[in-house]
Amino acid sequence: MTVADKKIPSMAEMSGQPGAKTGAEFLERLRRNPPTLYIDGQRVEDPTTHPSTKNMSASLAGLYDLQHSPEYRDLLTFEEGGVRYGRSFMVPRTKEDLRTIGEAHRVRANYGLGFLGRAPDYMNANVMAAGEGADYFARSKPKGDYAVDFSENMRRYARFVRDNDLCLTHALTNPQVNRAKLEGELPDPYIALGIVEETPEGVIVRGARMMATLPIADEILIFPSTVLRSNDKESIYAMGFAVPCNAPGISFQCREPIDVGRDPEDHPLSSRFDEQDAFVIFDDVLVPWERVFLLYDVELANNAYAGTGAVLHMAYQVVNLKVAKTEAFLGTAQSIVNAIGSGQFQHVQSKMAEIIVMLEIMKGLEVAAREQAEPNEYGVMTPARRPLDAARNYYPANHARLPELLQLLGASGIIMMPSKADREGPLGEQIARFLQAGNASAEDRLKLFRLAWDMGMSSFAGRQELYERYFFGDPVRMHSALYEVYDSTEAVQRIQDFLNRDGMYAEGGKNQ
Ligand SMILES: Cc1cc2nc3c(=O)[nH]c(=O)nc-3n(C[C@H](O)[C@H](O)[C@H](O)COP(=O)(O)OP(=O)(O)OC[C@H]3O[C@@H](n4cnc5c(N)ncnc54)[C@H](O)[C@@H]3O)c2cc1C
Ligand SMILES: O=C(O)Cc1ccc(O)c(O)c1
């Protein structure tokens, strides 16, 4: 395939009538332009019908439809210039705007009980903030004499995504090959995704990125990574761009599917919300100039999330999502306690209290983030960093206790769960008798425990546990980053003042 054959249609050619899309429109787009996915050694020709991806595609379609439902239309969309767009594209100007955006995030999160980590509103928040903060990219230039304006590209791309209500995936980290080495020191300079050359049409990239959750998407955004280590100011590994998920030369190798085609009653989460994770291979992909946002500049790439404000809007979506997820654990745990009548035991109450504390901490951090919000340099009302930093460090460290608590509260009930087919089989009557709950039929009890199993024990739950530890970056480095930026001057001063007090008591409250 020559470079000329690798042409991606222009954004203008790809654009349709602007506005929030329906589920049917989303599915039709996936059918017409399926992402280049590989599962179990086979190309997925149509993700809307392939057994491992059709349910997730349908779940995404459901999310698109939710924004047109009479109940949620006003919350999940907003009007501008006579067009209704998805709420997560709205640029917040006031704290009230942020509250509304947060509420919309929460409603969408509840759709997947908080288990759909990368529903499109996450990347929408990224693109919205990057579009508003597009001036950030002005410093970056191609090496060749090409008339491109990366700031304008970012602005136009953000509009393109909003207008067409696209579903985006993204990939930041390079393959794990050898973390003791820099990208350029690996046996092949194009293991990590790198820039090969500039051409009059655009820039050619080659290599791979490690993780893209939700590859069942329209486009992939390669937003600058915050983790690029380099000894130089310029690097072929520093870049920002976006391409369709079926761009010529791109392939997504998906992990083993978790959705194994079981009835939703048996696998209530795995069968609906297997959002997939893929590593992404770029085999000389030609990225048209209009889709490039940054090249070579290491510092600009490493600071893009912070510099545009995108990371705070993404973290605000995340904190709302984690509130929904913790609430789902609370509701499930309490339902189990009610079902088996264990609420009288003190240790059970204490375990329930642990979930309540986690939930209230996350809710409090969400409120603090928007109450302490301030406009950034681009005029976007931006949630406060400190509570969001606390949330993104607190949740990964504590999330694993939630599935553990479900196991401790559910005990054998969380494994002894005959399936729907078992209930309809020769032992159906016995199952109904022996597996009933104190307050419910065997059917209802088993549905509940199957949900608890999918939240806390199944391979879906195992993948969630890893996801929570890592999805927003390495917790070790996030701790260090928090330590580096947190201003403890006032706290240190208070201690100094205390140490300098004379005698037993400070006079008249001095130094307090
Ligand atoms: C389920 C899942 C879904 C994900 N989805 C996405 C996605 O959609 N998009 C995306 O861009 N990313 C995604 N990620 C990737 C995520 O951002 C990374 O996992 C995270 O940044 C850590 O990088 P890594 O996995 O390459 O770990 P590594 O960097 O390889 O770390 C492995 C181990 O080595 C340690 N280590 C490595 N380097 C250092 C260092 N310099 N200092 C200290 N310790 C170090 C780490 O602490 C860790 O213990 C996902 C991850 C998971 C698990
Ligand atoms: O790098 C950061 O600070 C933010 C970040 C980390 C990992 C992700 O997957 C992501 O979407 C955003």
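Counting starts at 1 for both ligands and their atoms, following the listed order.
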To the nearest 0.5 Å, tell me how far [X] [atom1] sits from [Y] [atom2].
{"X": "Leu451", "Y": "Leu406", "atom1": "CG", "atom2": "CG", "value": "8.5 Å"}
{"X": "Leu221", "Y": "Leu166", "atom1": "CG", "atom2": "CG", "value": "11.5 Å"}
{"X": "Arg450", "Y": "Ser271", "atom1": "CZ", "atom2": "OG", "value": "11.0 Å"}
{"X": "Met457", "Y": "Asp454", "atom1": "CE", "atom2": "CG", "value": "11.0 Å"}

Proximal atoms of ligand 2 relative to Arg118 (non-hydrogen, under 4.0 Å):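 Heavy-atom distances to Arg118 below 4.0 Å select 9 (O).
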Sub-4.0 Å atoms of ligand 2 with respect to non-hydrogen atoms of His170: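 Within the 4.0 Å cut-off of His170, ligand 2 contributes 8 (C), 9 (O), 10 (C), 11 (O).
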Side chain to side chain donor-acceptor pair (under 3.5 Å) evaluation trace for Thr100 with Glu103: CA-CA 5 Å; Thr100 309; Glu103 223 176 285; 5.8 Å; no
Pairs involving residues 178-190, ordered by first then second residue, that meet side chain to side chain donor-acceptor pair (under 3.5 Å) (sequence neighbours left out):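 Residue pairs with at least one partner in residues 178-190: Asn174-Glu183.
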Summary of side chain to side chain donor-acceptor pair (under 3.5 Å) pairs that have at least one residue in residues 252-261, sequence neighbours excluded: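 Found Asn55-Asp259, Arg255-Asp274, Arg255-Asp277.
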Which segment of Met314 sits under 4.0 Å of ligand 2 when only heavy atoms are counted: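 Under 4.0 Å from ligand 2, Met314 contributes side-chain atoms alone.
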Ligand 2-proximal atoms of Leu172, by part, heavy-atom distance under 4.0 Å: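 For Leu172, only side-chain atoms sit under 4.0 Å from ligand 2.
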Under 4.0 angstrom from ligand 2, any heavy atom of [X]?
{"X": "Arg477", "result": "no"}
{"X": "Phe223", "result": "no"}
{"X": "Arg392", "result": "yes"}
{"X": "Met478", "result": "no"}

Over 12 non-hydrogen atoms of neighbours within 6.0 angstrom of CZ in Arg29: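 Counting neighbours around CZ of Arg29, more than 12 heavy atoms of other residues, nucleotides or ligands fall under 6.0 Å, so yes.
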Residue Arg156 excluded, over 12 heavy atoms near CZ under 6.0 Å: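 No, not enclosed.
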Under 3.5 Å: N/O of Phe471 near N/O of ligand 2: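 Between Phe471 and ligand 2 (N or O atoms, distance only) the closest approach is under 3.5 Å.
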Residues which pass side-chain contact (heavy atoms from CB on, under 4.5 Å) with Ala20, listed by chain and number, not counting sequence neighbours: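 Expected list: Gln67, His68, Thr77, Asp165.
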Could you pull out the N/O contacts under 3.5 angstrom between ligand 1 and the surrounding protein atoms?
from: ligand 1; atom 1: 5 (N); to: Thr213; atom 2: OG1; distance (Å): 2.7
from: ligand 1; atom 1: 8 (O); to: Arg118; atom 2: NH1; distance (Å): 2.5
from: ligand 1; atom 1: 8 (O); to: Thr213; atom 2: N; distance (Å): 2.9
from: ligand 1; atom 1: 8 (O); to: Thr213; atom 2: OG1; distance (Å): 3.3
from: ligand 1; atom 1: 9 (N); to: His170; atom 2: O; distance (Å): 3.1
from: ligand 1; atom 1: 9 (N); to: His170; atom 2: NE2; distance (Å): 3.4
from: ligand 1; atom 1: 9 (N); to: Met211; atom 2: O; distance (Å): 3.2
from: ligand 1; atom 1: 11 (O); to: Leu172; atom 2: N; distance (Å): 2.7
from: ligand 1; atom 1: 26 (O); to: Arg179; atom 2: NH2; distance (Å): 2.7
from: ligand 1; atom 1: 29 (O); to: Arg179; atom 2: NE; distance (Å): 3.2
from: ligand 1; atom 1: 29 (O); to: Arg477; atom 2: NH2; distance (Å): 2.8
from: ligand 1; atom 1: 30 (O); to: Gln176; atom 2: NE2; distance (Å): 2.9
from: ligand 1; atom 1: 30 (O); to: Arg179; atom 2: NE; distance (Å): 2.8
from: ligand 1; atom 1: 38 (N); to: Arg477; atom 2: NH2; distance (Å): 3.4
from: ligand 1; atom 1: 47 (O); to: Asp474; atom 2: OD1; distance (Å): 3.1
from: ligand 1; atom 1: 47 (O); to: Asp474; atom 2: OD2; distance (Å): 2.7

